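Each remark here refers to the structure printed beneath this line.
In this text, all values refer to a predicted model and were calculated from it rather than measured experimentally.
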Amino acid sequence: MDKPLFVLDSSLPYLEGLVEQVADVRRLPNRDFTPEAIRGARALLIRSVVHAGRELLEGSGVEIVATATAGFDHIDADYCAAAGIRWESAPGCNAGGVVQYVLSSLVRWSLERGVSLEGKTIGIVGVGNVGGRLAKRVGALGLRPLLCDPPRAEREGAEGFVSLETIQRESDIITLHVPLTRSGQYATEGMVDGAFLQGCARRPLLINACRGPVSPSAALLKGLELRQISDLIIDCWEGEPVINKTLLERSFIATPHIAGWTADGKWRGSQMALEAVCRALDLPLPEGLWDEGVLYTPDAPRIDLSAFPEEERILRAQLHTCDLKATTQTLKSAPEDFEQVRRAYRFPREASAYTVVGAYPEEKPLLEQLGFTHIE
């Protein structure tokens, strides 16, 4: 029996030798996805740079579109529903990477600014795949989490959640993990505006690793000027790839929208997309799907805690997995090269790829909480 045709974004990693087991494959750069190029395909496997809507899909014969990303703004869900085209995303595939980004950035901030994290309150706004996982890990760094997710609180009940006003009043650190929504009761576009920052009682460190328009640049700069916030860690920018250079220079950590980019996360996204397509088209799952052996071994896979000062051992283990200082320096030196810096970023491995040696018994639960699985 003839194999179906799959058209893949050529930048999707970790699928070589897998997809060929079940389909004929046409790999295209994302810019080359056109109605002519996808003709005859039953499935598309894409990333967020390919817009899957009427202009691309009408009359194509495509039965399913699978994106190897957690977000799916680039898929026209209404058109797909009307056209009978199924679509799938990869929810949570990058959550571990965003959590790693936030934790490692907090460690770098703590060490360089000389601010202890112990006993500080971190307000987590948006408690989905990312915020929920972050909440389970911050305690290992001595932080107390407050969880704010008004839509979830409305659906599930208020227990376990606090209001935005409580976040503003009590948080030493505020980290944003909400989707970008432009309308409705819980619209997030422009959420962190002048009024929000004015209500921040403790001059918090603010982190945006979700979507740039949630925290407009002008509001952040004003907040710094008025000392309503003390510092910024920004991965997502209003107007990117053209970003505010003054805000870039004022930010402690500043990166080109790479927070979810780990080798592990990219691998999970690709595997989830291929599995979704195979199940939708009733195809056998390829041999070797979900084989972690394809992931690279870190350059320094062993973390020897005895090399660090006693009070920094857990912090340094976390920082070893991902340190954004060099990427920040690169972006600050060439903000006009936002996209090039983004493309050149080497995906780090997550904590489970490392072996921690020399851990005290009381440190092992903290390391496990941070995601380390090999502890000696």
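- Judged as a salt bridge (Lys or Arg N to Asp or Glu O under 4.0 Å), the pairs with a partner in residues 154-170 (not counting sequence neighbours) are, in order, R144-E170, R152-E156.
- Among residues at least two apart or in separate chains, ring-ring contact (aromatic ring centres under 6.0 Å, His included) pairs with a member in residues 45-92 are F72-W87.
- Listed by first and then second residue, the salt bridge (Lys or Arg N to Asp or Glu O under 4.0 Å) pairs that reach into residues 350-376 are R268-E350, R302-E376, R313-E363, sequence neighbours excluded.
- A donor and an acceptor atom, one from each side chain of T166 and S163, are located under 3.5 Å apart.
- Heavy atoms of other residues, nucleotides or ligands lying less than 6.0 angstrom from CD of E312 number more than 12.
- Side chains of V65 and V50 form no contact here, defined as non-hydrogen atoms less than 4.5 Å apart.
- Of the options L274, I64, L285, a side chain to side chain contact (heavy atoms under 4.5 Å, CB included) to R279 is made by L285 and by none of the others.
- The shortest side-chain heavy-atom distance between W237 and H257 does not fall under the 4.5 Å cut-off.
- A salt bridge links D172 with R202: at least one charged nitrogen is closer than 4.0 Å to a carboxylate oxygen.
- Here OG of S10 is found 7.0 Å from CG of N30. Values are rounded to the nearest 0.5 Å.
- Side-chain contact annotation: T255 with Y345, donor-acceptor N/O pair under 3.5 Å absent.
- To the nearest 0.5 Å, the span separating CG on D264 from OH on Y14 amounts to 7.5 Å.
- Counting only residues at least two apart or on different chains, the salt bridge (Lys or Arg N to Asp or Glu O under 4.0 Å) pairs with a member in residues 99-113 are R108-E112, R108-D323, E112-K325, R113-D231.
- Under the 4.5 Å side-chain criterion, counting only non-hydrogen atoms from C-beta, D76 is not in contact with E55.
- In this structure, a donor-acceptor pair under 3.5 Å is absent between the side chains of T262 and Q100.
- Partners of K136 under the salt bridge (charged side-chain N to carboxylate O under 4.0 Å, His left out) rule, at least two apart in sequence or in another chain, do not exist in this structure.
- Annotation: salt bridge (Lys or Arg N to Asp or Glu O under 4.0 Å) contacts involving residues 37-51, sequence neighbours excluded, comprise R42-E63.
- Between Y354 and H320, the two ring planes are perpendicular [angle over 60°; tilted spans 30° to 60°].
- Atom CD of Q198 has 12 or fewer heavy atoms from other residues, nucleotides or ligands within 6.0 Å.
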